[in-house]
Colleague: 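Quick one: the structure is below, and I'll ask about it shortly.
Quantities reported herein were computed from a predicted structural model and do not represent experimental measurements.
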Amino acid sequence: MVLSLFTYFSLPNSSTMAAEAHISPIHLFAAFVIIFTVAYYFFRCKIVYLVDFTCYLPADSLRTPISNFIEHLEGCNVFNRESIDFQVKVCERSGIGDEACVPSCIHELPPDPTLNESREETTQVLFTVVSELLSKHNINPKSIDILISNCSLFCPSPSITTMIINKFGFRSNIKSISLSGMGCSAGILSISLAKDLLKVHKNSLALVLSMEAVSPNGYMGSTKSMLISNVIFRMGGAAILLSNRHQDKHKAKYKLQQLVRTHMGSDEQSYLSVIQQEDEDGKVGVSLSRALLHVASNALRTNISQLGPRVLPYSEQLLYGWSVICRKIWGQKDVYVPNFRKAFEHFCIHAGGKAIIQGVEDNLRLEKEDGEASRMTLYRFGNTSSSSLWYELCYLEAKGKVNKGDRIWQIAFGSGFKVNSAVWKCISNLDPKVSNAWSDRIHLYPVDIPNVL
């Protein structure tokens, strides 16, 4: 036995090496099959599919027409005349229409933002979208492996994910995470977290929930920078189903191609641009600084510098590179702005406000039609924070604009200051007649939005 082992592991002589130098085609084919199989499974586990998503459609009884909004401000006996006039002015210029909704407790006089009302809003939104999404695809709640929620300013105990687990009976070993304080960009951040978890946990389903609770976050003071949030934030939410399972490839709508996150928190101006704080009277609210658009522009530029080389055609990259060289050598003032319409068919810009949408269009030199989904979402639903991007994609689907092979760029802005980008590729033939949050009124859009100065 020892001798045979020694013989087996001993160095081959020259004649043996010569005999083994010739490898048969069968051995080459077998090696190729093994390498291909290993590579296939290695890369396949990295693919993240977006199976489907659902956006919350509030009841018509929760709508807040501008006339009602003004009447409510005057009747709640909370604000002074100057604060009322300022909010009315912001409302008229906001680009938000008469169909945007707020929770029932905000309709009361005076508003009653209790903990129970905040929980009621959260469960009303998330229970609805989760139930619709799971029933639409006949998914057993116990088959969900990963559950992620994001809601920046409402962080109850038990957590929001625990509310969902309790309601739908998810299994005990589900991996659940509740994110808070991440701002309006938390929707894409949640997708990023789900993507990383799906890389580790193979053959899994991930459910992502995005919303912002309006009920507990009204500001009752007189500081103008903190009054703006009273006007622009409205009720909404979304549920997104992700998968890395091979069997879901043929029923998924999209696959994730790129995800780039940018955090400018080390810069003081960026850090303070959107911040929850107390005013001089101790009343809590979210302050939006005058420098917000400048901060957002700088953060977007940093985000694009990382995303551009991954998505832009080489012709656009060369033109940009040459303009940078000309600027450094000959002092040329203008730097070429790449044509991102050559990289994407559709754009979903966070509906944070009319100025935000316009600013992104100007910076990227987009056409007005590229921002249509964002403007219409802002008009009908208001700023729904992290879920706004999904209302925009929902709009594009309902209009029948998304075709197989199309690429969609979602751009999210949030406190910190953060800019997150996600790039999706449509891998299915989508039917615009499938019911979604826009179906009941999609024939009325787009609408002309008055430009109030």
Colleague: Evaluate Lys253 against Ile427 for side-chain contact (heavy atoms from CB on, under 4.5 Å), listing each step before the verdict.
Modeller: CA-CA 6 Å; Lys253 287 184 173 182; Ile427 57 175; over 6 Å; no
Colleague: Under the side-chain contact (heavy atoms from CB on, under 4.5 Å) criterion, do Ser104 and Glu117 qualify, and how do the steps go?
Modeller: CA-CA 8 Å; Ser104 57; Glu117 290 291 347; 4.2 Å; yes
Colleague: Provide the closest heavy-atom pair for Ser210 versus Ile240 in the form atom of the first, atom of the second, distance.
Modeller: OG-CD1, 4.4 Å
Colleague: Before accepting this row, confirm whether a basic side-chain N of the pair Lys251/Asp52 lies closer than 4.0 Å to the acidic partner's carboxylate O.
Modeller: no
Colleague: Is there a side-chain contact between Val434 and Lys136 in this structure, where contact means two heavy atoms from C-beta onward sitting under 4.5 Å apart?
Modeller: yes
Colleague: Could you tell me whether the side chains of Ser225 and Ser287 share a donor-acceptor contact shorter than 3.5 Å?
Modeller: yes
Colleague: Consider salt bridge (charged side-chain N to carboxylate O under 4.0 Å, His left out). Of Glu345, Glu372, Glu369, which one does Lys401 pass it with?
Modeller: Glu372
Colleague: Under 4.0 Å between a Lys/Arg side-chain N and an Asp/Glu carboxylate O for Asp85 and Arg81?
Modeller: yes
Colleague: How far apart are the closest heavy atoms of Gly352 and Ile232, and which atoms are they?
Modeller: O-CD1, 3.8 Å
Colleague: Is Arg310 atom CZ crowded by more than 12 heavy atoms from other residues, nucleotides or ligands, each under 6.0 Å away?
Modeller: yes
Colleague: Does Arg290, at its CZ atom, have more than 12 non-hydrogen atoms belonging to other residues, nucleotides or ligands within less than 6.0 Å?
Modeller: no
Colleague: Do you see a donor-acceptor pair shorter than 3.5 Å between the side chains of Asp279 and Tyr219?
Modeller: yes
Colleague: Please say whether more than 12 non-hydrogen atoms of neighbouring residues, nucleotides or ligands are located less than 6.0 Å from CD in Gln306.
Modeller: yes
Colleague: Is the number of heavy atoms from other residues, nucleotides or ligands within 6.0 Å of CZ (Arg365) greater than 12?
Modeller: no
Colleague: More than 12 foreign heavy atoms under 6.0 Å from CZ of Phe86: is that the case here?
Modeller: yes
Colleague: Would Thr161 and Ser178 count as having a side-chain donor-acceptor pair, cut-off 3.5 Å?
Modeller: yes
Colleague: Between the side chains of Ser159 and Thr162, is a donor N or O closer than 3.5 angstrom to an acceptor N or O?
Modeller: yes
Colleague: Apply the test side-chain contact (heavy atoms from CB on, under 4.5 Å) to residues Val286 and Asn217: give CA-CA distance (whole Å), side-chain angles for both, the deciding distance (0.1 Å), then the verdict.
Modeller: CA-CA 8 Å; Val286 176; Asn217 297 307; 6.0 Å; no
Colleague: Crowded around Lys167 NZ? As in, over 12 foreign heavy atoms under 6.0 Å?
Modeller: no
Colleague: Ignoring hydrogens and geometry beyond distance, is a side-chain donor-acceptor pair present between Ser83 and Asn80 at under 3.5 Å?
Modeller: yes
Colleague: Can you find a side-chain donor-acceptor pair between Ser387 and Thr384 that sits under 3.5 Å?
Modeller: yes
Colleague: Give a yes or no on whether the backbone of Arg93 and the side-chain of Lys354 come within a donor-acceptor separation of less than 3.5 Å.
Modeller: yes
Colleague: Could you work out, with ring-ring contact (aromatic ring centres under 6.0 Å, His included) as the rule, every residue matching Trp390, not counting sequence neighbours?
Modeller: Phe53
Colleague: Under 30°, 30 to 60°, or over 60°: which ring-plane class applies to Tyr395 and Tyr445, parallel, tilted or perpendicular?
Modeller: perpendicular
Colleague: Between His72 (side chain only) and Ile106 (backbone N and O only), is there a donor and an acceptor less than 3.5 Å apart?
Modeller: yes
Colleague: Are there over 12 heavy-atom neighbours, none belonging to Glu82, within less than 6.0 Å of that residue's CD?
Modeller: no
Colleague: Could you tell me if the side chain of Ile139 sits less than 4.5 Å from the side chain of Val51, heavy atoms only?
Modeller: no
Colleague: Report the C-alpha separation of Tyr391 and Trp438 in whole Å, then their side-chain angles, then the decisive distance to 0.1 Å, and conclude whether the ring-ring contact (aromatic ring centres under 6.0 Å, His included) test is met.
Modeller: CA-CA 8 Å; Tyr391 283 96; Trp438 282 94; 7.7 Å; no
Colleague: Can you see which heavy atom on Thr262 is nearest to which on Met264, and at what distance?
Modeller: CG2-SD, 3.8 Å
Colleague: Rounded to the nearest 0.5 Å, what separation is found between the NZ atom of Lys89 and the CD1 atom of Ile228?
Modeller: 11.5 Å
Colleague: Can we say Glu361 and Arg375 salt-bridge, meaning some charged N sits less than 4.0 Å from an Asp/Glu carboxylate O?
Modeller: yes
Colleague: I want to check something: taking the side chain as every heavy atom from C-beta on, are Val274 and Leu292 in contact at a cut-off of under 4.5 Å?
Modeller: yes
Colleague: So, the side chain of Gln257 versus the backbone of Val423: is there a donor-acceptor pair under 3.5 Å, distance only?
Modeller: no
Colleague: Taking Asn150 for its side chain and Ser190 for its backbone only, find out whether a donor-acceptor pair lies under 3.5 Å.
Modeller: no
Colleague: Could Glu99 and Arg63 be called an ion pair, given the rule that one side-chain N must be under 4.0 Å from one carboxylate O?
Modeller: no
Colleague: Could you give the distance from CG (Leu364) to CG (Leu300), rounded to the nearest 0.5 Å?
Modeller: 5.5 Å
Colleague: Calculate, to the nearest 0.5 Å, the distance between atoms CG and CG belonging to Leu147 and Leu197 respectively.
Modeller: 11.0 Å
Colleague: Distance alone, cut at 3.5 Å: any donor-acceptor contact between the side chains of Glu392 and Ser374?
Modeller: yes
Colleague: Determine whether a donor-acceptor pair (N or O, by modelled atom type, separation under 3.5 Å) exists between the side chain of Asn244 and the backbone of Val200.
Modeller: no
Colleague: Does Cys184 reach the side chain of Glu212, with side-chain heavy atoms less than 4.5 Å apart?
Modeller: no
Colleague: Given Val129 and Cys55, is the side-chain contact (heavy atoms from CB on, under 4.5 Å) satisfied, shown in steps?
Modeller: CA-CA 6 Å; Val129 292; Cys55 295; 5.8 Å; no
Colleague: Under 3.5 Å, is there a donor-acceptor pair linking the side chains of Asp362 and Gln358?
Modeller: yes
Colleague: Got a second to check how far Ile144's CD1 is from Ser243's OG, nearest 0.5 Å?
Modeller: 9.5 Å
Colleague: Just checking, any donor-acceptor pair under 3.5 angstrom between side chains of Glu121 and Ser215?
Modeller: yes
Colleague: Give a yes-or-no answer on whether the side chains of Gln410 and Trp424 include a donor-acceptor pair shorter than 3.5 Å.
Modeller: yes
Colleague: Which value, rounded to the nearest 0.5 Å, describes the distance between Met376 atom CE and Leu396 atom CG?
Modeller: 11.5 Å
Colleague: Taking atom types as modelled and ignoring hydrogens, do the side chains of Ser152 and Ser180 form a donor-acceptor contact shorter than 3.5 angstrom?
Modeller: no
Colleague: Output the distance between atom CZ (Phe413) and atom OG (Ser273), rounded to the nearest 0.5 Å.
Modeller: 11.5 Å
Colleague: Salt bridge between Glu278 and Lys283, side-chain N to carboxylate O under 4.0 Å?
Modeller: no
Colleague: With distance as the sole test, does Asp406 use its side chain to make a donor-acceptor pair with the main-chain N or O of Cys426 at under 3.5 Å?
Modeller: no
Colleague: Does a side chain donor of either Tyr56 or Gln124 reach within less than 3.5 Å of an acceptor in the other side chain?
Modeller: yes
Colleague: Between Tyr254 and Val402, is any pair of side-chain heavy atoms under 4.5 Å apart?
Modeller: yes
Colleague: Run Tyr320 and Tyr336 through ring-ring contact (aromatic ring centres under 6.0 Å, His included) and show every step you take.
Modeller: CA-CA 5 Å; Tyr320 171 76; Tyr336 176 75; 7.7 Å; no
Colleague: Indicate the atoms forming the closest heavy-atom contact of Leu207 with Ala239, along with that distance.
Modeller: CD1-CB, 4.4 Å
Colleague: Looking at Lys175 and Asp196, is any side-chain nitrogen of the basic one under 4.0 Å from a carboxylate oxygen of the acidic one?
Modeller: no
Colleague: Leu62 and His107: which non-hydrogen atoms are nearest, and at how many Å?
Modeller: O-NE2, 3.1 Å
Colleague: Taking all non-hydrogen atoms of both residues into account, name the closest pair between Ala291 and Gln269 and its distance.
Modeller: CB-NE2, 3.6 Å
